[in-house]
> 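Starting off with a structure, shown below.
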Amino acid sequence: MFQTTREILQSADEGDLVRLRGWVYRKREFRDKIFIMLRDSEGVVQLVFSGQLAEDARKLNIESSIIVEGIVKVEPRAPGGKEVHVTRILWSYIGEPFPINVSAAQADSEYLLDVRHLWIRSRKMWAMLRIRHTVFNAIHEYFRMNGFYEVQCPIFVSAAVEGGATLFPVKYFDRTVYLTQSAQFYLEALIFSLEKVYTVAPSFRAEPSRTRRHLTEFWHAEAEMAWSNMYDVMKISEGLICHIVRRVLDERLEELSILGRDVEKLEKVRPPFPRVLYDEAIEILKKKGLNVEWGSDLGADEERILMQEFETPIHLYGFPEQIKAFYHKNDPQDPKRTLSVDVLAPEGYGEIIGGGERIEDPNQLIEKIKRFGLDPKDYDWYIDLRRYGSVPHAGFGLGVDRLVMWICGLDHIRDAVPFPRDIRRVAP
RNA sequence: GCCGCCGUAGCUCAGCCUGGUUGGAGCGGCGGGCUGUUAACCCGUAGGUCCCGGGUUCAAAUCCCGGCGGCGGCGCCA
């Protein structure tokens with residue numbers, strides 16, 4: 001029977017005989033006594049080796065693995081207030097000198113990406129991974145609580161969702177297919193069976209983006225709802241974000257603190273999010289002296305400047321037709337505008353959700369596909385969905401890695417993912 | 001696609017602008033010291049094709065040209 005480091009710190013009593021297993025996180029050597037910070041999946045606790053055991057412990061390099069038996073001591077000088085005085089080393093594996101040192105870790109260097117398979121052992125990565133775990137769990141919780149069915153969509157696809165977006169070609173027997181960039185079209189098909197559906201899956205974008213919020217492979221949480229409109233998307237998406245943030249605040253305070261996250265800022269994330277019409281955003285930016293006109297897309301700088309006005313995420317809605325993909329439904333009251341909505345995260349993190357109402361009329365859809373310079377033949381089955389009992393419907397996609405990046409307060413999306421894939425990096 | 005930056009020890013970096021004896025520091029390694037550390041500390045020690053090629057010069061890590069490798073940001077999007 002083994003105890004975790006967390007169990008030692010939380011519930012073990014003075015004098016308890018315990019067994020622990022883990023890795024050497026830090027080692028502090030003296031003549032006849034050695035302190036080792038033992039790391040496991042739950043945390044870190046101090047071990048004390050003395051006498052002959054100190055001589056054995058001296059051989060352990062950083063990240064060596066070890067199983068020990070010892071006696072719990074309440075000790076104010078120990079990190080966490082308790083430590084384990086080792087009485088037996090039951091097993092050990094003396095690792096080679098660990099190649100990551102303190103200065104490399106502080107520098108947040110490229111080297112850490114080269115040795116990412118080892119760096120994921122670090123406290124920072126550990127904290128992020130645990131928060132990420134909670135985020136993914138909360139996504140499933142929220143959708144299931146709200147009557148959505150989870151579905152699975154193909155990764156190999158034969159046509160683009162976004163007209164212009166770049167796809168990764170894949171050799172597929174004697175022809176070329178592509179890696180999916182969104183499950184949206186499949187989700188739209190599935191609402192005719194299940195009405196409210198969601199999926200959490202990777203999406204792939206071959207755009208040569210070199211920014212701190214782009215990956216070529218990212219995790220996409222997408223939902224689609226029959227009998228729904230743009231305002232339903234706003235309600236569900238803000239409910240989702242708030243539920244996720246609440247869960248992280250409830251379960252992961254220690255991890256947020258390790259990452260140095262300002263928890264106060266996350267506490268402010270409560271519904272409803274401000275609803276900002278695209279036109280208002282343009283006005284705000286003009287007042288701030290930016291040269292933006294109705295119809296132009298908001299770049300990263302504009303987004304950042306706009307979000308200085310807000311402390312929570314916002315719904316930015318009603319984008320002009322020309323800056324949104326063809327499938328967005330135009331506003332019948334104002335046809336040059338679409339019933340589209342993005343969620344922008346505060347603190348400069350930008351767009352985390354994109355969505356809106358879809359065109360349900362087949363003729364309107366065909367007409368818009370043509371107007372966008374695309375070929376309706378490429379969207380054959382997608383148009384077909386509208387021919388057999390079409391319904392108003394809407395949906396959205398959440399960039400889960402961007403959400404994790406924001407919640408953790410990270411500088412780069414790469415650090416929101418254990419093994420990031422970007423324009424150049426595909427290893428480890 | 002556009003703009004900018006970098007390449008010096010296993011790792012992080014200083015030195016380069018203003019060329020000048022044997023190219024430095026911290027961490028890590030190795031050896032030693034130390035009765036309580038919190039990224040332990042102290043002493044010693046090993047470790048270098050200064051990315052590659054060419055040029056200028058009495059002299060190049062340093063200046064110039066070319067190549068290779070890498071990074072950051074924007075655009076696009078989640």
> Quick one: ring-ring contact (aromatic ring centres under 6.0 Å, His included) partners of A:H214, sequence neighbours excluded?
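Result, ring-ring contact (aromatic ring centres under 6.0 Å, His included) vs A:H214: none returned.
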> Check salt bridge (charged side-chain N to carboxylate O under 4.0 Å, His left out) between A:R252 and all other residues, then give those that pass, not counting sequence neighbours.
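A:R252 satisfies salt bridge (charged side-chain N to carboxylate O under 4.0 Å, His left out) with A:E255 only.
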> Side chain of A:R26, heavy atoms from C-beta onward: which of B:G36, B:A39, B:G29 has the nearest atom to it?
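Minimum distance to the A:R26 side chain belongs to B:A39.
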> Taking CG from A:D32 and P from B:G32, how many angstroms apart are they, rounded to a whole number?
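About 16 Å, once rounded to whole Å.
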> Assess whether salt bridge (Lys or Arg N to Asp or Glu O under 4.0 Å) is satisfied between A:E63 and A:R39, documenting all intermediate values.
CA-CA 9 Å; A:E63 289 301 322; A:R39 175 181 71 72; 2.7 Å; yes
> On the nucleotide B:C71, are OP1 or OP2 found under 4.0 Å from the side-chain N or O atoms that A:R424 carries?
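True: A:R424 side-chain N/O within range (under 4.0 Å) of B:C71 OP1/OP2.
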> Scan nucleotides 43-48 of chain B against the protein and return all N/O pairs shorter than 3.5 Å with their distances rounded to 0.1 Å.
none

> Using a 4.0 Å heavy-atom cut-off, does A:D297 contact any base of the nucleic acid, only the sugar-phosphate backbone, or nothing at all?
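A:D297: backbone/sugar contact only, no base atoms under 4.0 Å.
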> Could you tell me how far B:G48 sits from B:G1 if I compare only their P atoms? Round to whole Å.
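Their P atoms lie roughly 41 Å apart.
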> Do A:W294 and A:D279 meet the criterion of a side-chain donor-acceptor pair at a distance under 3.5 Å?
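Yes.
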> How many Å lie between CD on A:E29 and C1' on B:A39, as a whole number?
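From A:E29 CD to B:A39 C1': 15 Å.
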> For the C1' atoms, the ones on B:G20 and on B:C30, what distance do you get once it is rounded to whole angstrom?
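Looking at atom C1' only, B:G20 and B:C30 are 35 Å apart.
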> Are A:E267 and A:R246 close enough, and set up right, to give a salt bridge (Lys or Arg N to Asp or Glu O under 4.0 Å), and what steps lead you there?
CA-CA 8 Å; A:E267 291 284 1; A:R246 190 69 255 157; 3.3 Å; yes
> Regarding A:E207 and A:T166, is there a side-chain donor-to-acceptor distance under 3.5 Å anywhere?
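Distance-only check fails for A:E207 and A:T166.
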> When rounded to the nearest Å, what value does the distance between C1' atoms of B:G54 and B:C17 take?
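Between the two C1' atoms, the distance is 23 Å.
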> Can the ring centroids of A:W381 and A:Y186 be said to lie less than 6.0 angstrom from one another?
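A:W381 vs A:Y186: aromatic centres under 6.0 Å.
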> Looking only at the side chains, is there a donor atom on one of A:H220 and A:S203 sitting less than 3.5 Å from an acceptor on the other?
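Present: a donor and an acceptor within the cut-off.
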> Quick one: list whatever passes salt bridge (charged side-chain N to carboxylate O under 4.0 Å, His left out) with A:E141, sequence neighbours left out.
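Residues passing salt bridge (charged side-chain N to carboxylate O under 4.0 Å, His left out) with A:E141: A:R247.
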> Got a donor-acceptor pair under 3.5 Å from the side chain of A:R402 to the base of B:C77?
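By the distance-only test, yes, there is a pair.
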> Should stems be defined as at least three consecutive Watson-Crick or G-U pairs with both distances under 3.5 angstrom, which of them involve RNA chain B?
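Stem list for RNA chain B: B:1-7 with B:68-74, B:10-13 with B:24-27, B:29-33 with B:41-45, B:51-55 with B:63-67.
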> Taking the side chain of A:I413 as heavy atoms from C-beta outward, which of B:G72, B:A78, B:U37 is closest to it?
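Given the options B:G72, B:A78, B:U37, the side chain of A:I413 is closest to B:A78.
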> Would you classify A:A221 as touching base, sugar-phosphate or nothing, given that sugar-phosphate means primed atoms plus P, OP1 and OP2, and contacts are heavy atoms under 4.0 Å?
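Result for A:A221 = nothing.
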> Kindly write out the residues that satisfy salt bridge (charged side-chain N to carboxylate O under 4.0 Å, His left out) with A:K73, not counting sequence neighbours, or none if the list is empty.
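For A:K73 there are no salt bridge (charged side-chain N to carboxylate O under 4.0 Å, His left out) partners, ignoring immediate neighbours.
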> Return the nearest nucleotide to the side chain of A:R77; candidates are B:G72, B:A78, B:U37.
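Comparing B:G72, B:A78, B:U37 against the side chain of A:R77, the answer is B:U37.
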> Quick check with a 6.0 Å cut-off and a 45 degree axis cone: is A:R28 positioned over the face of A:F35's six-membered ring?
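No, A:R28 and A:F35 do not form such a contact.
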> If you check the A:T211 side chain, which of B:G36, B:C77, B:C74 turns out closest?
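Closest nucleotide to the A:T211 side chain: B:C74.
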> Using the test ring-ring contact (aromatic ring centres under 6.0 Å, His included), find all partners of A:H140 that sit at least two apart in sequence or belong to another chain.
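So A:H140 forms a ring-ring contact (aromatic ring centres under 6.0 Å, His included) with A:Y198.
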> Check whether any side-chain nitrogen or oxygen of A:R414 sits under 4.0 Å from OP1 or OP2 of B:G72, and answer yes or no.
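So the side-chain polar atoms of A:R414 do come within 4.0 Å of the phosphate oxygens OP1 or OP2 of B:G72, strictly under.
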> With a 4.0 Å cutoff (strictly under), does any side-chain N or O of A:R213 reach OP1 or OP2 of B:C74?
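The answer is yes; a side-chain N or O of A:R213 sits under 4.0 Å from OP1 or OP2.
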> Considering only heavy atoms, which members of residues 340-357 of chain A lie under 4.0 Å from some atom of RNA chain B?
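Result for residues 340-357 of chain A: A:E351, A:I352, A:I353, A:G354, sorted by number.
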> Under the side-chain hydrogen bond (donor to acceptor under 3.5 Å, both in side chains) criterion, do A:E321 and A:N330 qualify, and how do the steps go?
CA-CA 7 Å; A:E321 172 184 275; A:N330 293 54; 2.6 Å; yes
> Hey, is A:F218 doing a stacking thing with B:A78, by the 5.5 Å centroid and 30° angle criteria?
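Yes.
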> So, does A:R28 get its side chain near the phosphate of B:U35, meaning an N or O under 4.0 Å from OP1 or OP2?
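False: A:R28 side-chain N/O out of range (4.0 Å or more) of B:U35 OP1/OP2.
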> Could you work out, with ring-ring contact (aromatic ring centres under 6.0 Å, His included) as the rule, every residue matching A:Y382, not counting sequence neighbours?
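Testing A:Y382 for ring-ring contact (aromatic ring centres under 6.0 Å, His included), a comparison that skips the adjacent residues, returns A:F185.
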> Go through B:G1, B:G29, B:C76 for me and flag the one nearest to the A:S209 side chain.
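The answer is B:C76.
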> Pick the P atom in B:G53 and in B:U62, then give their distance to the nearest Å.
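Rounded to whole Å, the distance is 12 Å.
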> Quick one: the side chain of A:Q46 and the base of B:U37, do they pair up donor-acceptor inside 3.5 Å?
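Donor-acceptor pair under 3.5 Å: yes.
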> Could you tell me how far B:A14 sits from B:C51 if I compare only their P atoms? Round to whole Å.
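The same atom, P, in both gives a distance of 13 Å.
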> Could you check how far CG of A:L112 sits from P of B:C71, rounded to whole Å?
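Rounded to whole Å, this separation is 14 Å.
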> Would A:H393 and A:E357 count as having a side-chain donor-acceptor pair, cut-off 3.5 Å?
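Per modelled atom types, A:H393 and A:E357 side chains form no pair under 3.5 Å.
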> What nucleotide among B:G36, B:A78, B:G73 has an atom nearest to a side-chain atom of A:H214?
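Within the option list, the nearest is B:A78.
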> When the P atoms of B:C27 and B:G69 are compared, how many Å lie between them, rounded to an integer?
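So the two P atoms sit 35 Å from each other.
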> For A:H85, what residues pass the side chain to side chain donor-acceptor pair (under 3.5 Å) criterion, not counting sequence neighbours?
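Listed in chain order: A:E83.
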> Check the interface with nucleotides 3-6 of chain B: list each N/O to N/O pair with the protein under 3.5 Å, or write none.
none

> Check whether the side chain of A:E83 and the base of B:G36 form a donor-acceptor pair under 3.5 Å.
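Donor-acceptor pair under 3.5 Å: yes.
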> Give me the distance, rounded to whole Å, that separates B:C71 from B:C13 when you measure between the C1' atoms they each carry.
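Going atom to atom, C1' in each nucleotide, I get 16 Å.
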> Pair A:D422, A:R414 - check salt bridge (Lys or Arg N to Asp or Glu O under 4.0 Å), show working.
CA-CA 8 Å; A:D422 63 28; A:R414 282 195 299 236; 3.4 Å; yes
> Between N or O atoms, less than 3.5 Å apart, protein on one side and nucleotides 7-11 of chain B on the other: list the pairs.
from  : atom 1 : to     : atom 2 : distance (Å)
B:G10 : N2     : A:N101 : ND2    : 2.8
B:C11 : O2     : A:N101 : ND2    : 3.3

> In this structure, how many angstroms lie between the C1' atom of B:A78 and the NZ atom of A:K324, rounded?
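My rounded result for the distance is 10 Å.
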> Under 3.5 Å, is there a donor-acceptor pair between the A:T199 and A:Q152 side chains?
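Per modelled atom types, A:T199 and A:Q152 side chains form no pair under 3.5 Å.
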> Could you pick out which residue, A:E75 or A:D301, lies toward the 5' side of RNA chain B when each is mapped onto its nearest nucleotide?
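Its nearest nucleotide lies further toward 5', so the answer is A:E75.
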> For nucleotides B:G66 and B:G4, find the distance between their P atoms and express it as a whole number of Å.
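To the nearest whole Å, 15 Å.
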> Kindly give the heavy-atom pair with the smallest separation between A:S237 and A:M234, and that separation in Å.
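Shortest heavy-atom contact: OG-O, 3.3 Å.
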> Output the rounded distance in Å from CZ (A:R304) to P (B:G73).
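These atoms are roughly 10 Å apart.
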